[in-house]
Structure formats: C-alpha cells, structure tokens
2 protein chains.
Amino acid sequence: MVYDRGMKIGELANKTGLTTKTIRYYEDIGVLPEPGRHANGYRSYHPSVIDRVGFIKDAQASGLSLIEIQVILELRDEGESTCGHTVRLLESHLEDVQTQIIDLHRTKTLLEKMIVKAKALDPADCLNPNRCQTISATHLQMEGTGTE
Amino acid sequence: MVYDRGMKIGELANKTGLTTKTIRYYEDIGVLPEPGRHANGYRSYHPSVIDRVGFIKDAQASGLSLIEIQVILELRDEGESTCGHTVRLLESHLEDVQTQIIDLHRTKTLLEKMIVKAKALDPADCLNPNRCQTISATHLQMEGTGTE
DNA sequence: AAATACCTTCCAGCCGACTAGAAGGTTTGT
DNA sequence: ACAAACCTTCTAGTCGGCTGGAAGGTATTT
C-alpha cells in the first residue's frame, strides 16, 4: 500500500514552488487530495500531484478561486462527465472577467479624467483647500471642515 | 460649540447611502473626521460631510483603497498641497489598473481557449479521465490519481 | 408607563489565501 | 550522543471593508 517511493512534502514544495504550509492548506480545503503516508506518517506524494499543482496554478492565474478550482477538480476526481460542468463554470467565470474588464475600463477613464483635471490646476490653488478639486470627479468641492 | 443643527448619524446615512455602521467604521479608520456631538452625546454632522463621503465613494469607485483615500484626505485636512501627491497616487494607481486590464485580457483569452477546447471534445472522452483535457491550459493532462 | 426607534460602545465574525508559531515526533549526519 | 533538518497537528493571525450583535442610554409617541 504505502509505497515509500513517494515524495515527501518538502520535495513537492521544492518542485512546485509552493510552501509546505500551502500544500497542507490546499489539502485542507480539498484542492489537493489526501496523500498516502509513509510508514512514519509523513505524507507521500505521487509525481502526478506536480501536474495537479500546475493546473491549480494555471487556473488561479486565470482568476479562478480555489473554491472554483476545487469544484472542478472534485468533479473530475469523481470521474464524472466533468466537461459540461466545467464548461459552464468556465463560461460563468468568463462573464465575470468580462464584467471586470468593463469596470476597469470605467475606472481607468475616471482616473485619467481626474489626473488631467488635477494637472490643469494652478499649483498655487492647491494650497487653497476651497479650490483643490483634484479628485472631485463630479460634484465634490473638497470644501470645509467636516464638522464644527 | 455644539450646535445642535448638525445631522445625526442616521440622517447622514440616509443622505449618503452608507449605513450607520459604515460611517462609524470610516470614522474609526480616519477617512471621516470625528464629528461634534449633540448635548446627549449623539454624533452631529456638518452638511459638508456629505460631500466628503461623495469624494470617498468616487475615489473608491476609482479603485483607491480606504487607506489611500485616508492619506489624501489627511494631507488635505492639514492644508497641505495635496494635489501633487494625489496626482502621483492616481497615476500609480492608473498603472495598476492598466496592468490589471492586461492581465484580465490574458485571462479572458485563456478562458476562451479552454472553453473552445472543452466544447470540441467528444463528450464520450469526458468519461475517460485520461482524456479529459478540458481545463488543461498548457501542460496539464489531468491524468491519474493524485496519490495511491 | 411602555413601546419604538433612535443612538452609544465594544467585541466578534465574515470572505480568501495564506502565514506564523507552538509543541512535539523522526531521520540523517557527524 | 546529539544537533540539525525534516516532518506532524493544532491554533491563531494577517489584510481590507465591512457587518452583526449585545448591552445599554435617549427621545418620541401612544
């Protein structure tokens, strides 16, 4: 059963660039399966786990959360016809990404406007709190004291 | 000193769309100044705070963190020439946003490829774990068992 | 006088992805 | 023989931006 050729956690950490802490954490939340154990209780990893970690990293880099990744991997581990689920998950995530891109573009535009506006100000005005409109995107005059 | 015409917190909440909890939280972290108090100890807000909240919301919508906003407002409250600093902050944040947009486009492309790939697969193959390549972005074959 | 709708403070928890440290067991090297 | 470098489990903390609840004070209405 326990074939002692399996990597120990430190070795896996070295090969994947994760820390041992992170590996155990991934195991806790289920994105990495519970590994076998050596006779002494140490975790024993099959080389294929390296690929699995690679997948996790790729998926993470694509913006999937560990929870989403966990769902995909779980389904896959069950040998289910994962593709349908996965495609749906991916598509839903793609939508999120598209929304995020749009939002970021809005943000970018806003920032650019703010910067242009700020730069156009006479520096002297900056010392006058009643005139500093640097950031005021729309209606803000940055006036006054807050409270009395 | 305490002029009782000031808004109470609930009124400010109504006018700004923040909750009273959030307003107190903003006070705690310093993006809103400590307000005056009514005779009974209730917070008493000057109307200008509404604008300040508006500024905070705009800045937040631009992706600035409350900490960054706090820095700007603090400087401004001190009568500093905030504009230069603010512009620098905004520009640095703009760079971040641009990077994020690029990253997200990469992600989007990756996701689209993954989806296309997944859809192109013969559904039957999905039942074969050794063939299900749905998600494998680059090098992943999604093969095998994890560990023994 | 009581109900209600405010207000006050403080403490606790949520999300996600870790990271740190304590307290111990094991293995390797000299 | 003993230190160092590994491994184990467990608990708890970090960041940011809130949100919730408890336990109490106050103001208004009935």
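A note on names: the letters A, B, ... follow the listed sequences, proteins ahead of strands, and every chain is numbered from 1.
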> Between atom CD in B:Glu27 and atom P in D:dC18, what is the gap in whole Å?
Replying inline: 15 Å
> Does B:Lys57 reach the main-chain N or O of B:Thr16 with its side chain, forming a donor-acceptor pair under 3.5 Å?
Replying inline: yes
> Quick one: on DNA chain D, does B:Lys21 or B:Ser65 contact a more 5' nucleotide (nearest heavy atom)?
Replying inline: B:Ser65
>> How many whole angstroms separate atom NZ of A:Lys57 from atom C1' of C:dC18?
In response: 14 Å
> From D:dC18, C:dA17, C:dT9, pick the nucleotide closest to the side chain of B:Arg37?
Replying inline: C:dT9
> Ignoring hydrogens and geometry, is there a side-chain-to-backbone donor-acceptor pair from A:Thr22 to A:Leu18 under 3.5 Å?
Replying inline: no
>> Regarding A:Arg43, tell me which of base, sugar-phosphate or nothing describes its non-hydrogen contacts under 4.0 Å with the strands shown.
In response: sugar-phosphate
> Is B:Tyr26 near enough to D:dG17 that one of its side-chain N or O atoms lies under 4.0 angstrom from OP1 or OP2?
Replying inline: no
>> Given D:dC18, C:dC7, C:dT19, identify the nucleotide with an atom nearest to the side chain of B:Ile9.
In response: C:dC7
>> Closer than 3.5 angstrom, by distance alone: can the side chain of A:His93 be matched with the main-chain N or O of A:Ser65 as a donor-acceptor pair?
In response: no
> For the pair made of CG in B:Leu18 and P in D:dC18, what is the distance, rounded to whole Å?
Replying inline: 8 Å
> Looking at D:dG20, D:dC18, C:dC7, which one has an atom nearest to any side-chain atom of B:Thr20?
Replying inline: C:dC7
>> Let me check something: do B:Leu32 and B:Tyr42 share a hydrophobic cluster, defined by ILVMFWY side-chain heavy atoms less than 4.5 Å apart, either directly or through other members?
In response: no
> Rounded to the Å, how far apart are A:Ile29 CD1 and C:dA17 C1'?
Replying inline: 8 Å
>> Check this one for me: any side-chain N or O of A:Thr22 less than 4.0 Å away from OP1 or OP2 of C:dT19?
In response: yes
>> Closer than 3.5 angstrom, by distance alone: can the side chain of A:His46 be matched with the main-chain N or O of A:Ser48 as a donor-acceptor pair?
In response: yes
>> Tell me the interatomic distance from A:Ile69, atom CD1, to C:dC18, atom C1', rounded to whole angstroms.
In response: 14 Å
> Within this structure, what is the OH-to-C1' distance between B:Tyr45 and C:dT8, rounded to whole angstrom?
Replying inline: 12 Å
> Rounded to the nearest 0.5 Å, how far apart are CD1 of A:Ile101 and CZ of A:Arg106?
Replying inline: 14.0 Å
> Given D:dT8, D:dC7, D:dC18, which nucleotide is nearest the side-chain atoms of B:Gln60?
Replying inline: D:dC18
>> Rounding to an integer number of Å, can you tell me how far B:Ile23 CD1 sits from C:dT8 C1'?
In response: 14 Å
>> In this structure, how many angstroms lie between the C1' atom of C:dC7 and the CG atom of B:Asn14, rounded?
In response: 14 Å
> Going 5' to 3' along nucleotides 23-30 of chain C, which nucleotides have protein heavy atoms under 4.0 Å from the base (write B), which only from the sugar-phosphate (write S), and which from neither (write -)?
Replying inline: --BBS---
> Would you say the side-chain atoms of B:Arg43 pair up with the backbone N or O of B:Met7, donor to acceptor, closer than 3.5 Å?
Replying inline: no
